[in-house]
Every structure is written in structure tokens, then in C-alpha cells.
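Since the structure comes first, as C-alpha cells, the remarks are kept for the end.
Below, read A as the first sequence line, B as the second, and so on, with proteins coming before strands; counting in each chain starts at 1.
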Amino acid sequence: MTYLDGLNPAQKEAVLHTKGPSMVIAGAGSGKTRVLTYRIAHLMHQGVDSFNILALTFTNKAAREMKERIGKITQPGEAKNLWMGTFHSVFARILRAEAEKLHYPSNFTIYDTQDAKSLIKSITKEMGLDDKVYKTGLVMNRISSAKNNLLSATAYCNNTDIQAEDRQMVRPKIGEIYKTYEQRCFKAAAMDFDDLLFKTNILLRDFPDVLYKYQHRFKYILVDEYQDTNFSQYLIVKKLGALNENVCVVGDDAQSIYAFRGANIQNILNFQRDYPDCKVFKLEQNYRSTKNIVGAANQIIEKNKDQLEKEVWTDNTEGPRIKVERTLTDNEEGNLVANSIIETRHNKQAQPQDFAILYRTNAQSRAMEEALRKKDIPYRIFGGTSFYQRKEIKDLLAYCRMTINPNDDEALKRIINYPARGIGKTTLDKVGIHANQHNKSFWSVISAEDLATLSIHAGSKSKIKQFVTMIKSFQALEKRANAYEVMEEIAKTSGISKDLFTDKTPEGIARYDNIQELLNGVKEFVEEGDDDEKEAIVLPDTVDGEAKNAKGLAIFLQDIALLTDADQGNDQDTNKVSLMTVHAAKGLEFPYVFIVGLEENLFPSQMALNSRADLEEERRLFYVALTRAEKEVRLSYSASRYKWGNLIYCEPSRFIEEIDERFLDYTAPETSEPFANERSNYFERSGQSKANFSAKSKSNGRSKTNKMGSKKEDKKVIPPHKKMVNVNDAKRAVDPSFASAAGKIDEGMRVEHLRFGKGKVTKLEGDEPNKKATIQFDKMGEKQLLLKFAKLRILKDK
DNA sequence: GTATTATCTAAGTCT
DNA sequence: TAGATAATAC
């Protein structure tokens with residue numbers, strides 16, 4: 001039983017309780033993954049066949065990591081039949097195996113977000129709807145949340161509440177779009193991300209024999225990050241676990257950060273309701289972080305109302321305080337981080353891989369990247385525009401998709417005229433109209449006699465025929481060749497390789513390289529031996545009866561849409577600084593963590609300011625960010641930042657203020673009275689939500705300004721849109737006369753501050769570079785400012 | 001039908 | 001800023 005020795009009593013209890021439902025509430029850094037892996041190992045140790053265990057994780061990254069850990073503590077090959085993966089990948093496989101029950105082919109395509117958006121867009125266009133009203137993103141969110149709540153298109157249209165909501169939003173046609181969307185996906189033999197869960201529910205609901213089969217198969221079910229499951233996922237788990245009730249869910253309500261995707265903390269409560277005798281374990285000892293970090297994190301999360309009771313504590317050392325730093329621009333913030341990394345590496349003998357830079361939005365990675373590149377610090381970006389989402393990769397994959405599933409309309413639309421082969425918009429429109437009228441896929445129109453009946457130029461027709469012949473040749477090849485051979489042939493014959501090769505711009509070269517990289521990846525896939533870990537997630541008795549070519553394109557393509565950058569295999573040089581969004585960092589840990597861009601309207605996101613629930617999710621997100629760190633956290637914010645090419649003036653995040661000073665180490669402008677100015681902004685901010693609110697109601701067409709306008713005396717309140725200064729105003733922010741005056745300032749001078757206005761310097765103290773000035777501002781009262789940061793302009797001597 | 005240019009608009013987080 | 005789309009010239 002040596003493998004259990006490393007567990008603390010609470011962990012051990014959770015691991016040993018294998019029979020019956022259980023729930024593990026695991027605080028950040030309390031060894032949640034450890035419990036899951038040991039639990040699985042323990043099950044197998046007790047004689048449970050890995051064949052009967054299903055472990056569901058939230059990301060591929062988590063699945064892969066856990067697989068590695070299990071591999072280390074079990075006998076070789078023992079975990080071979082273990083099913084472990086994300087909800088999406090596991091059920092995609094089950095759906096492929098059972099596809100014909102739902103009248104889908106097993107080689108159905110998985111539409112990614114881009115595909116889905118493009119389809120929605122063409123539907124709204126066809127319906128003659130204004131795409132400014134029916135924004136694809138909005139429509140998609142609506143459809144997505146309907147699916148996650150198990151509402152089909154018909155149910156959506158018949159639901160009076162929803163219809164009323166849509167009418168109120170002045171978007172009454174969403175239900176109709178949803179219906180068409182569903183039909184189009186079906187005839188294209190495609191499922192989107194939400195369908196993978198939705199259709200699994202349909203499958204388990206309508207086919208008791210299938211349900212029975214998988215209930216028997218999955219005698220033990222484990223779910224990681226349970227707080228982030230949505231209703232659809234919750235119900236799948238509930239159904240599969242109903243027979244044996246050996247369901248173990250692990251989660252932390254404080255780390256629920258996917259409500260935007262339909263995740264529901266309610267599921268934790270549902271679980272206790274569904275299994276009243278479920279055993280609850282709480283893991284509260286944090287092994288990851290210093291006392292200081294745990295203390296700050298606890299304090300942050302305390303501000304939230306919605307949470308389960310638990311107290312995270314640690315035995316670790318105190319550790320240094322959290323450093324808070326401010327810069328003037330986002331690029332400077334990048335330099336600050338880069339320099340800190342160099343410094344820490346030097347002082348603490350740290351490796352690049354010991355550092356993570358976390359941000360709220362992917363767009364922020366750029367400034368960081370540039371700074372790191374300049375200083376020759378190796379880094380790796382997770383997420384963002386994934387490799388598989390690059391245009392050239394998607395183009396090539398679209399050919400592959402059509403080879404496997406020619407009815408894949410989105411793939412067809414993408415490539416029928418790329419590289420240009422004279423099949424233009426007019427032609428494609430005609431095909432599309434015919435296809436939709438007859439409820440067929442584009443392919444079934446152009447590859448059949450239908451084509452002859454269409455009023456298309458003979459020249460275009462013959463070009464279409466050539467295209468059809470080409471795809472058919474790929475299909476023939478796919479039957480006998482491996483994935484690499486097929487894809488290489490496609491790249492060559494389609495003209496993609498040539499098209500990119502002739503493009504000698506740096507972008508063109510990069511694209512060509514990416515294609516080569518994809519081909520290399522496929523080659524690896526074909527050449528790699530059967531390794532146990534890879535096998536673990538493949539359906540052992542799959543995929544369909546006809547014993548498909550295991551190295552074939554179909555298998556390679558299977559769930560490429562579900563992969564992200566983090567899942568790429570090239571692990572050779574992992575000694576790099578990690579850059580990622582806070583969301584992507586969930587479940588990971590690093591000795592040194594930088595959380596950047598801590599500014600109002602960014603973190604918390606501007607869109608979260610309107611409701612308490614949204615703001616609490618942002619706060620949980622910040623909690624997640626803080627608790628990633630083992631030794632040190634550094635927070636930074638910038639006074640200005642480029643957004644959409646415009647310079648935006650930024651305020652520090654409220655989250656900084658929410659941390660007690662005893663956990664912090666300021667290098668901020670106002671050392672003696674931290675956030676004196678920010679506090680005054682806080683006042684502004686409290687009015688901001690009102691401004692927001694009235695602005696919002698206005699845009700709704702129904703003016704509530706009267707109701708909100710009672711607070712007219714708040715005239716000093718700066719509405720948010722004013723805070724977002726435009727380019728002209730912003731030029732003042734970088735006006736050199738404001739920036740460079742610091743050294744020359746003396747007592748008695750009249751100065752002007754960008755924000756506080758005019759005032760008189762009454763006192764100077766301290767030495768460079770931390771010289772501090774006390775200034776009596778005409779309107780804002782007395783402030784103490786650090787000269788190196790204060791944006792002051794000298795007005796007149798004495 | 002294609003290539004080039006001008007204009008628009010988006011970036012919130014992930015499977 | 002950058003990619004996507006619309007307008008324009010060829």
C-alpha cells in the first residue's frame with residue numbers, strides 16, 4: 001500500500017471510499033488531482049478492471065497530466081483500458097460508435113466555433129435578417145445555451161418564456177435560425193461542440209439498451225472540475241452513474257469560472273440532492289502556496305456571497321508579500337515582467353519553466369511576447385489562435401474533412417474555390433439555393449445529376465466536375481493509404497502547397513512552414529508505435545465495425561477539432577516561460593506567477609460589471625490566478641493600453657484594493673498612502689455602474705434615464721465611455737511635457753497632473769529614484785506622489 | 001470571375 | 001492593429 005503513504009488523512013479517506021457516491025470539495029492546491037489519480041490507482045489495485053473506469057476531465061491538458069501520473073503509480077499496461085478524457089472527446093467517441101442510432105454516419109464532422117458561426121451567418125443572410133441585429137456571436141450563444149439546457153430547436157420554438165425573451169430582445173427569429181441550423185448540421189453530418197453533449201443525452205434517453213450498455217461498462221465514474229459542468233454534462237453523469245452509483249465528483253466552488261459557458265454551481269447542490277447519502281470530503285490544506293498567497297486568496301474570495309463553507313490553510317512558509325507594480329504603457333508592463341524574470345532567475349536560480357504570465361484576455365499576450373523576445377527569454381504561449389485554427393491549416397484540414405465526410409458543407413465552402421479555380425460566388429450561391437431547397441448537402445448537388453439541371457455556365461460546371469473528381473480521388477486514396485500519404489497528396493494536388501510556396505512574404509513563408517509542420521505531425525501519428533497512454537483514450541471496441549485503417553486519415557481527423565495548442569506533442573523543450581489566460585491556467589501551478597493587466601474594465605472585464613454574479617465570477621477567476629503560484633505572485637497594471645489600435649487610459653483593478661495591505665508590497669506611485677487616488681476613483685466607479693445602467697437602458701430603446709437620473713448631483717462622475725479616451729485625448733497621456741518633468745520639480749512649483757489637475761508642490765522628500773512630492777491640488781486636495789511615476793507638468797516656477 | 005483597394009469592425013474566457 | 005468584407009477596377 002506504499003502508494004497511499006503520501007496522502008494526508010482527508011485525502012486518504014477520499015481515496016479509500018470507493019463504493020457509493022462521493023463528493024470531494026477541494027480547495028485550491030489541496031491535492032485534488034492527487035486524490036483523483038490515487039483513487040483510480042486504488043480502484044485498480046482493488047481489482048477493478050480499468051475497462052470499467054471512466055474519468056472525465058475538463059481539459060485535454062488535465063487528462064493528459066493525470067494519465068501520466070497514473071501511469072507512474074500503476075503496473076505497465078494496467079491502465080490501458082481506462083477511459084479518460086474531456087467530456088467532449090469521450091462522448092464524441094461514444095457517439096461515433098453509436099452514430100447510426102441517431103441517423104448520423106460514424107465519420108461525422110465536428111464543427112468548431114468558426115464553422116458554426118459561418119453557418120449561422122449564412123442562415124441569417126438567407127433569411128434576409130439584419131446581421132447587425134442577429135449578430136452571429138449572439139445567436140450562437142443563444143443556441144449554445146439552449147443546447148446546454150437540453151432544449152432542441154423545436155422545444156426552443158415552443159417554449160413561451162424563451163420566445164417572449166427573444167421578442168423582448170427584438171430578436172424573435174432566433175428559434176427559426178436554430179431550427180435551420182439544426183437541419184443544416186444534420187444534412188452536413190456535422191455536430192458542434194454542444195451537440196456532442198446534447199446528442200449524447202438524446203442517445204442515452206432514447207435508447208435504453210445503449211444506456212444499459214454504458215452503465216454496465218462504467219462501473220466507476222470520476223468527474224474532475226465538477227463545478228464547471230453544465231446541465232447537459234450533469235445529466236450525462238447522472239444517467240451513466242444511475243446503475244452502480246459509484247460516482248465521485250471533485251470540485252471547488254471557489255474556482256468555478258465557466259458560468260459563461262453554462263456551468264452551474266447548482267450542480268454541486270444537485271449532486272447532494274440526487275444522492276442524499278453521498279459522502280462529502282473536504283480538502284482544506286493547501287500544499288502549493290505560501291501563507292501569504294493563501295491569505296490573500298482567501299481574503300479575495302471572502303468577498304463573494306455565493307460559496308460553500310470551507311477554510312483553506314497551509315503549513316508552508318510565510319513567503320514574500322505580493323508585489324504590485326504600475327507602468328505607464330502595456331509595453332512597459334511587458335518589459336517590467338521580462339526584467340523581473342531575469343532578476344528572479346538570477347537571484348533564485350529559477351528556470352524559465354518556473355514562471356507563468358497570466359492575463360485575462362489573449363490579446364494581452366502580445367506586449368508580453370515582444371518584451372520576452374527582446375530579452376531572449378524562451379516562452380511558450382498556450383491557447384490563443386490555436387495552430388489548428390490558422391487559416392492555412394484549416395484549409396488543408398477542410399480538404400481532409402471533405403475526403404472523410406464530403407457532406408461537410410462548411411469545409412466545402414471553404415475550399416471549393418481555394419486555391420482559386422474559377423468557381424465564384426455566383427456559382428456557389430446557385431448550388432446553395434438548390435441544395436437548401438432540396439434539403440441536400442452541397443456535395444450531393446454537385447456530385448450528382450442535379451448539377452446538370454442548374455443554370456450555371458458550362459465552364460463553371462466543368463470546373464466543378466474537376467473539383468468533384470479531385471475529391472473523389474482523395475477518397476479512393478484514403479481507402480488504401482495512411483493519413484500522411486493522403487494529406488501529402490492533398491496538399492500537392494489541391495494546389496495549397498504551391499499557392500503558399502509561391503508567396504514569399506514573411507507571412508506566406510510562415511504559412512508554408514505551418515503546413516509542413518502539420519504534415520510532420522501526421523507523419524509522427526502514422527509512425528508512432530502503440531503506446532499505452534495513447535491507447536487509454538481510444539475506444540477499445542471502436543470505432544465502427546469495419547476495422548478501419550488505424551493509421552488512416554479518418555482516425556487522425558477524429559477529434560482534431562477538440563484539440564488545442566496545449567495538446568500538441570512537441571514536448572522537447574518545455575523549459576520555457578508559460579503565457580496563458582487565467583482560464584487556461586486552471587489546474588496548473590508555477591513557482592512564480594505574474595498576473596498582468598490588473599485594470600478596471602479588463603480584469604474584472606468590462607462586461608462583468610453589470611451584475612453581482614458576473615463580478616463574482618471575475619473574482620473567482622482572480623482567485624484562481626493567485627492560487628496558481630507556489631512561491632511568489634506579482635501583480636501589475638498599466639496606466640494606458642492599446643485596444644483596437646486606440647490608446648485607452650486605465651484605472652487599477654478593484655481586486656488590488658480588495659487585498660489587505662499586509663499581504664502586499666507596493667511599488668505603486670503613492671507609497672505612504674496606497675491608492676489614495678484610486679480610492680477617489682472608487683467613488684467614481686460607484687457611480688459608474690449607474691452610468692452604465694442608464695446607457696444600457698437607453699440602447700434598449702426604453703429610456704430609464706428618469707429613474708436613474710435622480711442622482712443628478714453626481715456630476716463629477718465620469719461615465720465609462722468618457723474614461724475610454726479617444727486617440728486625440730490620449731495623446732495628452734503621452735505628452736512628453738507631462739512625462740519628463742520629474743527631475744526638475746522643486747518645492748513651491750506650480751504643476752499640473754494629468755488626472756488631479758493643477759496644484760502646488762509643498763514638500764519634497766526621499767532620494768531618487770523614490771523621490772516623493774506632496775502636492776496641494778486646487779481641486780483634489782493634498783496628494784503624495786512618487787515623482788518617477790507621477791505624470792506632472794511644470795506650469796510656472798515658484 | 002479575379003485581384004486589388006477601401007472600409008469596417010472586432011477582442012472575453014474554452015470544448 | 002488585423003482580419004474580414006465590400007467596393008472597385010480589370
Side-chain angles (χ1 to χ4, degrees), chain A residues 56-63 85-92 110-114 116-118 121 125 131-132 135-137 141 144 147-148 191-198 225 228-230 232-233 256-263 330 358-367 382-386 388-391 417-429 456-457 459-460 463 507 559-567 580-587 597 601-609 614 617-618 620-622 624-625 641-648 727:
Chain A
L56 295 167
T57 61
F58 199 67
T59 62
N60 294 300
K61 208 160 41 186
T86 63
F87 273 90
H88 289 85
S89 66
V90 165
F91 296 113
I110 298 173
Y111 274 174
D112 66 14
T113 312
Q114 259 181 65
K117 275 191 174 162
S118 143
K121 195 163 196 179
K125 216 173 207 171
D131 59 0
K132 295 227 164 57
K135 290 186 182 165
T136 51
N141 283 341
S144 170
K147 281 184 186 169
N148 287 330
M191 296 194 196
D192 64 21
F193 290 142
D194 302 314
D195 279 333
L196 297 176
L197 306 174
F198 181 78
E225 308 284 8
D228 285 328
T229 52
N230 58 37
S232 190
Q233 292 165 320
S256 160
I257 53 175
Y258 281 95
F260 73 90
R261 213 172 95 184
D330 43 3
L358 307 183
Y359 33 78
R360 180 62 181 80
T361 68
N362 280 305
Q364 290 166 258
S365 71
R366 224 177 118 168
F382 292 81
T385 309
S386 140
Y388 293 106
Q389 279 163 30
R390 285 164 212 250
K391 186 190 173 299
N417 198 33
Y418 176 77
R421 49 174 72 89
I423 305 171
K425 193 177 172 300
T426 331
T427 310
L428 194 61
D429 280 349
I456 295 175
H457 287 292
S460 304
K463 279 167 186 158
E507 296 82 20
D559 46 21
I560 229 167
L562 302 174
L563 291 183
T564 57
D565 259 6
D567 305 307
M580 64 185 88
T581 62
V582 183
H583 281 91
K586 198 174 68 160
N601 297 331
L602 183 61
F603 198 178
S605 158
Q606 191 177 8
M607 294 174 217
L609 299 180
D614 286 353
E617 176 146 319
E618 294 288 311
R620 289 193 296 269
L621 195 55
F622 185 50
V624 168
R641 180 176 297 282
Y642 275 98
K643 204 173 187 181
W644 303 301
N646 287 332
L647 193 64
I648 304 293
V727 184

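- Under 3.5 Å, the side chain of A/Glu617 and the base of B/dG12 form no donor-acceptor pair of N or O atoms.
- Which of B/dG1, B/dT15, B/dA11 sits closest to the side chain of A/Arg261 comes down to B/dT15.
- Residues satisfying the side chain to side chain contact (heavy atoms under 4.5 Å, CB included) criterion with A/Asp614, sequence neighbours excluded, are A/Ala608, A/Ser611.
- Close to B/dC14, at under 4.0 Å from its OP1 or OP2, lies no side-chain N or O of A/Thr59.
- For A/Arg366, the salt bridge (charged side-chain N to carboxylate O under 4.0 Å, His left out) partners are A/Glu370, not counting sequence neighbours.
- Taking A/Asp330 as the reference, nothing meets the salt bridge (charged side-chain N to carboxylate O under 4.0 Å, His left out) condition, with sequence neighbours excluded.
- Residues A/Tyr258 and A/Phe58 place their aromatic rings such that the two centres sit under 6.0 Å apart.
- The side chain of A/Asn362 places an N or O atom within less than 4.0 Å of a non-bridging phosphate oxygen (OP1 or OP2) of B/dC14.
- When rounded to the nearest whole Å, the span between CD of A/Gln233 and C1' of B/dT15 equals 9 Å.
- Atoms CZ (A/Phe58) and P (B/dT13) sit 15 Å apart, rounded to a whole Å.
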Heavy-atom protein contacts under 4.0 Å, nucleotides 1-10 of chain C, coded B base, S sugar-phosphate only, - none: BS--S-----
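- Contact annotation: A/Thr426 reaches the phosphate of B/dG1 (side-chain N/O to OP1 or OP2, under 4.0 Å).
- Rounded to whole angstrom, the span from the CG atom of A/Asn417 across to the C1' atom of B/dT2 amounts to 9 Å.
- Considering only residues two or more places apart in sequence or on other chains, A/Thr136 meets the side chain to side chain contact (heavy atoms under 4.5 Å, CB included) condition with A/Lys117, A/Ile120, A/Lys121.
- With sequence neighbours left out, the side chain to side chain contact (heavy atoms under 4.5 Å, CB included) criterion links A/Thr427 to A/Ile423, A/Ile456, A/Ser460, A/Ile464.
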